[in-house]
Amino acid sequence: MTARVLVLACGGTISSTPGPNGAMPQLEAHDLVDELRGGASLRVTSETHSLIASSDATMADAVAIWQRVRQWSHTTPGGAVVVTHGTDTMEEIAFAVEALGVGPTPVVFTGAMRYAGSLGADGGANLRSAISVATSPEAADMGVLVVFNDEIHLATRVRKSHTSNVATFVSPGFGPIGYVHEGQARVVLRPALRFNVAAPTRPADEVSVALISVGAGDDGRLLRYVEAAGYAGAVIEGLGGGHLPSRLVASDGLAELVTAMPVVVASRCGAGELLQHTYAFPGSEQDLARRGLINAGVLDATKARVLLVLLIASQCREGQLRSAFARFGGYEQDGGGSVGRSGELRLPAGQR
Ligand code: ASP
């Protein structure tokens, strides 16, 4: 393995060591790389982007990581990037970097569930596997990957599924697209389609999107406060195939919200694509589409929120936003077709 690899450290458990009151992210990129044995033939450049718990990661971090990947791929043709990151928000930051577009450059996120120095710490093994995937010719043109516990996942599908198990990353409904065997990457599936959003034209951190989860009997009163709280968009994590209680749908809150800003509906199921043409009851997927809600397709609410932030930050038009959800959501595969309204994106005053 002689490919040039940039290891970009962003904190998290993989960078954490025990302190008097508990573990804290303290290891820089060079500490992580130095720990790897047998990596002598690798030409690794190590850089520390941040030393944070990933609960503090923001869309500005995602944009900065994406910019560094682009810079690296311009200056290092044939090079690869490994991002070490906290697991709590890895699925969001990795998905954002993928959505912003990395071209053919292999970009692999990894992390750890057990901090450095603890029994059975998984950081070193995960980093080594991530480097072997990133430097494998099979990783080119795959988009952003998450390599964890010797499985290879697409950033567009992966999510953290367990609070503490080292096998926490899963791709529900899809599964991993490969694995690492005796230190070698095995890619057995490739993404059929990859899509990008336009680069942000305003700071992504300035765009706040509310994420509201809905349960049985919810009347949606929280929706009334979203605009006043300064949000630019909202994702509602609904039920089943993309449904909401009829009492919530009948409330003024939802109608006012849809008039004020883009509102996306996703499902709390965690796997599967939202329905579009099955049910007709109030609050059904067809009713919500008629009311102007945007269908998240296969995206879970967490990823739908990331996509909505990036799209609003790119100051796109409403038709472009709907089209992006149709593509990333998996229900418009050719990029053509109807994109609904194509006017200016309706955003609350002060959010444009
Ligand atoms: N709290 C850690 C984080 O930064 C958890 C982890 O990395 O597993 O996300």
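As the structure lists them, so they are numbered: ligands from 1, and atoms in each ligand from 1.
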Give a yes or no on whether a salt bridge exists between [X] and [Y], defined as a side-chain N under 4.0 angstrom from a carboxylate O.
X: Lys160; Y: Glu91; answer: no
X: Asp141; Y: Arg194; answer: yes
X: Arg68; Y: Glu47; answer: yes

Taking 4.0 angstrom as the limit and counting only heavy atoms of [X], give me the atoms of ligand 1 inside it, by number and element.
X: Asp88; answer: 1 (N), 2 (C), 3 (C), 5 (C), 9 (O)
X: Gly86; answer: 3 (C), 4 (O), 7 (O), 9 (O)
X: Ala112; answer: 6 (C), 7 (O), 8 (O)
X: Thr13; answer: 2 (C), 5 (C), 6 (C), 7 (O), 8 (O)

Judged by non-hydrogen atoms, does Ala57 sit under 4.0 Å from ligand 1? no
Give me the ring orientation class for Tyr179 and His181: parallel if the planes are under 30° apart, tilted from 30 to 60°, perpendicular past 60°.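 Tyr179 and His181: perpendicular rings.
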How are the rings of His243 and Phe281 set relative to one another: parallel (under 30°), tilted (30 to 60°) or perpendicular (over 60°)?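 Geometry flag for Phe281 against His243: perpendicular rings.
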Should Arg346 and Pro262 count as side-chain neighbours, where that means a heavy-atom distance under 4.5 Å? no
Heavy-atom distances under 4.0 Å are what count here, so tell me which part of Ser16 touches ligand 1: side chain, backbone, both or neither. neither
Which residue and non-hydrogen atom of the protein lie closest to atom 4 (O) of ligand 1, and at what distance in Å?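 Scanning the protein heavy atoms, the shortest distance from atom 4 (O) of ligand 1 goes to Ser54 N, 2.6 Å.
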Of the protein's non-hydrogen atoms, which lies at the shortest distance from atom 8 (O) of ligand 1, and what is that distance? Thr87 OG1, 2.3 Å
Is the closest N or O pair between Thr89 and ligand 1 shorter than 3.5 Å? no
OH-CG distance between Tyr231 and Leu211, expressed to the nearest 0.5 angstrom: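 It is 9.0 Å, given to the nearest 0.5 Å.
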